[in-house]
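Encoded as structure tokens, the structure appears first; notes follow it.
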Amino acid sequence: MNVVFVDSFSGEELLQMVSQDVAGVLAAAQGESVTFPVGHFKYEFHNLDFYEEEGHIRQELVIYVKKV
């Protein structure tokens, strides 16, 4: 499944990845902090989004984080 990390303040996409262990990624993101090349962030909330691509329904986990 697609997993996207988004800065909840700016709306900037920090990372897009594909993972078969979505529960593991979400649990790790809810830890003390997540580090990206642009800084340290803290989990705020997440959404499971559905969208259509080439006639197929796809899903994507969007994890919103805030800079600490």
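Using a 4.5 Å cut-off between side-chain heavy atoms of Ile, Leu, Val, Met, Phe, Trp and Tyr, with links allowed through other members, Met17 and Tyr51 fall into different hydrophobic clusters. A continuous path of Ile, Leu, Val, Met, Phe, Trp and Tyr side chains, each step under 4.5 Å between heavy atoms, connects Leu26 with Leu48, placing both in one hydrophobic cluster. Phe50 and Met1 end up in the same hydrophobic cluster when Ile, Leu, Val, Met, Phe, Trp and Tyr side chains are linked at under 4.5 Å.
More than 12 non-hydrogen atoms from other residues, nucleotides or ligands lie less than 6.0 angstrom from CD of Glu52. Crowding of Glu53 atom CD: a count of heavy atoms from other residues, nucleotides or ligands under 6.0 Å exceeding 12.
Within the structure, side-chain hydrogen bond (donor to acceptor under 3.5 Å, both in side chains) pairs that include any residue of residues 38-48 comprise Ser8-Glu44, Gln30-Tyr43, Thr35-His40, Tyr43-His46 (at least two apart or interchain). Pairs engaging residues 12-39 under the ring-ring contact (aromatic ring centres under 6.0 Å, His included) rule: Phe5-Phe36, Phe36-Phe41 [sequence neighbours left out].
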Could you pull out every donor-acceptor pair under 3.5 Å between side chains of residues 54-68 and any protein atom, sequence neighbours left out?
unit_1, atom_1, unit_2, atom_2, d
His56, ND1, Glu54, O, 3.2
Lys67, NZ, Val38, O, 2.8

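Ser19 and Val3 get closest at one heavy-atom pair: CB-CG2, 4.3 Å.
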